[in-house]
Amino acid sequence: LSSLSRRASRAFRRAGIAEDVTERRKALEALRESEERFSKAFHSGAHLTLITTMVDGRIVDINDAYAGTLGYAREELIGHTTLELGIWADPEEREASVRKFQESGKISNHEARLRTKQGDTLTLLISADFINIGEAQHLITVATDITERRRQENVQAAHIRLVEYASDHTVTELLRKFLDEAEVLT
């Protein structure tokens, strides 16, 4: 065989399979971009955001806004349950929230009282929904701290009660009522 024939013969013996991976690359890039958008929205948002396991309420991820509002570093919270940490001001309130979630499949604008690391009680307005991570169901919760708003509403209601009380009572009775109201508000 001539040299030319041998080269041609070798060229024909080499075979391969070519696969166009353009679509796969586009899909992977779109997935990466979607994950990046979610991560940035989750971690840099002003709303308090938390992901917990459905099985036991174990904290999988929490943004700095939520952790900071509760007085913790993220690392102190991740891997623990809210019950272990004593975050719920009333654990029965947590059970009621879980039941409500199980009945309706989500929670929208539900008031919850949580306790900070320092022991202060906060009032949060929470919304929660399912999120699948891998094969497991999780709960994503977004909350807004309405503690100050509730305090202002309570002060305003006390003011209205005092004004209504003042029209039918003496100054001494009004002063006594004022002191009672002030004690309730503190």
Side-chain angles (χ1 to χ4, degrees), residues 30-31 33-162 164 180-186:
L31 178 61
E33 288 174 4
S34 175
E35 288 172 347
E36 182 179 357
R37 281 192 304 271
F38 176 81
S39 179
K40 284 184 179 181
F42 182 92
H43 288 289
S44 64
H47 285 288
L48 315 179
T49 311
L50 167 75
I51 297 175
T52 56
T53 58
M54 278 300 298
V55 175
D56 60 1
R58 192 162 305 280
I59 298 170
V60 173
D61 204 355
I62 186 167
N63 69 0
D64 288 332
Y66 210 143
T69 297
L70 294 175
Y72 290 90
R74 285 181 67 242
E75 296 74 25
E76 292 178 277
L77 298 167
I78 294 174
H80 298 281
T81 69
T82 56
L83 290 175
E84 287 172 357
L85 296 163
I87 290 174
W88 285 87
D90 179 1
E92 290 178 15
E93 189 176 328
R94 179 195 177 275
E95 292 305 316
S97 296
V98 168
R99 277 193 304 278
K100 182 177 181 179
F101 182 78
Q102 290 171 337
E103 290 168 4
S104 65
K106 68 178 188 174
I107 295 176
S108 296
N109 298 319
H110 174 75
E111 274 192 34
R113 292 176 310 116
L114 300 184
R115 185 173 283 107
T116 67
K117 186 177 181 179
Q118 296 76 22
D120 299 324
T121 301
L122 303 175
T123 303
L124 302 181
L125 194 61
I126 63 171
S127 295
D129 207 341
F130 286 112
I131 184 173
N132 287 315
I133 300 176
E135 298 293 318
Q137 280 194 328
H138 291 70
L139 186 66
I140 185 164
T141 303
V142 178
T144 303
D145 184 357
I146 61 168
T147 305
E148 185 59 28
R149 180 170 76 185
R150 281 292 173 255
R151 191 184 75 69
Q152 290 295 330
E153 289 170 355
N154 290 340
V155 167
Q156 187 176 18
H159 177 77
I160 290 169
R161 285 192 301 273
L162 286 172
E164 290 171 352
D180 290 343
E181 290 287 342
E183 187 175 316
V184 168
L185 292 175
T186 57

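This structure is a prediction, so every number in the text was calculated from the model and none was measured. What's counted below: heavy atoms across the whole structure, side chains too, no hydrogens, waters or symmetry copies.
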Next item on the list: Start with the C-alpha distance between Gln152 and Glu148, add both sets of side-chain angles, then the distance that settles side-chain hydrogen bond (donor to acceptor under 3.5 Å, both in side chains), and finish with yes or no.
Entry: CA-CA 6 Å; Gln152 290 295 330; Glu148 185 59 28; 3.1 Å; yes
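- Between His138 atom NE2 and Ile133 atom CD1 the span is 4.5 Å, to the nearest 0.5 Å.
- Partners of Arg58 by side chain to side chain contact (heavy atoms under 4.5 Å, CB included), not counting sequence neighbours, listed by chain and number: Thr53, Asp56, Thr81, Glu84.
- Taking the side chain to side chain contact (heavy atoms under 4.5 Å, CB included) definition, one finds that Lys100 meets it with His110, sequence neighbours left out.
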For residues 59-66, tabulate all N or O donor-acceptor pairs below 3.5 Å that involve a side-chain atom, not counting sequence neighbours.
{"residue": "Asp61", "atom": "OD1", "partner": "Arg74", "partner atom": "NH2", "Å": "2.6"}
{"residue": "Asp61", "atom": "OD2", "partner": "His43", "partner atom": "NE2", "Å": "3.3"}
{"residue": "Asn63", "atom": "OD1", "partner": "Thr49", "partner atom": "N", "Å": "3.2"}
{"residue": "Asn63", "atom": "OD1", "partner": "Tyr66", "partner atom": "N", "Å": "2.9"}
{"residue": "Asn63", "atom": "ND2", "partner": "Phe42", "partner atom": "O", "Å": "3.1"}
{"residue": "Asn63", "atom": "ND2", "partner": "His47", "partner atom": "O", "Å": "2.8"}

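- Between Ala73 and Ala67 the shortest heavy-atom distance is C-CB, 4.2 Å.
- Residue Ile131 holds its CD1 atom at 10.5 Å from OG1 of Thr52, rounded to the nearest 0.5 Å.
- Minimum heavy-atom separation, Phe101 to Ala128: CE1-O, 3.7 Å.
- Other residues, nucleotides and ligands contribute only 12 or fewer heavy atoms inside 6.0 Å of the CD atom of Glu92.
- The backbone N or O of Ser127 sits nowhere less than 3.5 Å from a side-chain atom of Ser108 that would complete a donor-acceptor pair.
- Atom CD of residue Gln137 and atom CZ of residue Phe130 lie 4.5 Å apart, to the nearest 0.5 angstrom.
- The CG atom of Leu70 sits 5.0 Å away from atom CD1 of Ile87, with the distance rounded to the nearest 0.5 Å.
- Panel note: side chain Ser34, backbone Ala30; no donor-acceptor pair is recorded below 3.5 Å.
- Two residues are said to be in side-chain contact when any heavy atoms from C-beta on lie closer than 4.5 Å; Thr144 and Arg149 fail this criterion.
- Leu114 is not listed as a side-chain neighbour of Thr69, based on a closest heavy-atom distance of 4.5 Å or more.
- Under the 4.5 Å side-chain criterion, counting only non-hydrogen atoms from C-beta, Leu85 is not in contact with Glu76.
- To the nearest 0.5 Å, atoms CD1 (Ile126) and OG1 (Thr141) are separated by 6.0 Å.
- Contact check for Arg151 versus Thr147: no side-chain heavy atoms found under the 4.5 Å cut-off.
- Counting non-hydrogen atoms of other residues, nucleotides and ligands closer than 6.0 Å to CD of Glu33 gives a total above 12.
- Ion pairing between Glu36 and Lys40 holds under the 4.0 Å rule for side-chain N and carboxylate O.
- Once rounded to the nearest 0.5 Å, the distance linking CG of Asn109 with CG of Leu125 reads 4.5 Å.
- The two residues Thr121 and Ala89 have their closest heavy-atom pair at CG2-CB, 4.1 Å.
- The two residues Pro91 and Leu83 come nearest to each other via the heavy atoms CB-CD2, 4.1 Å.
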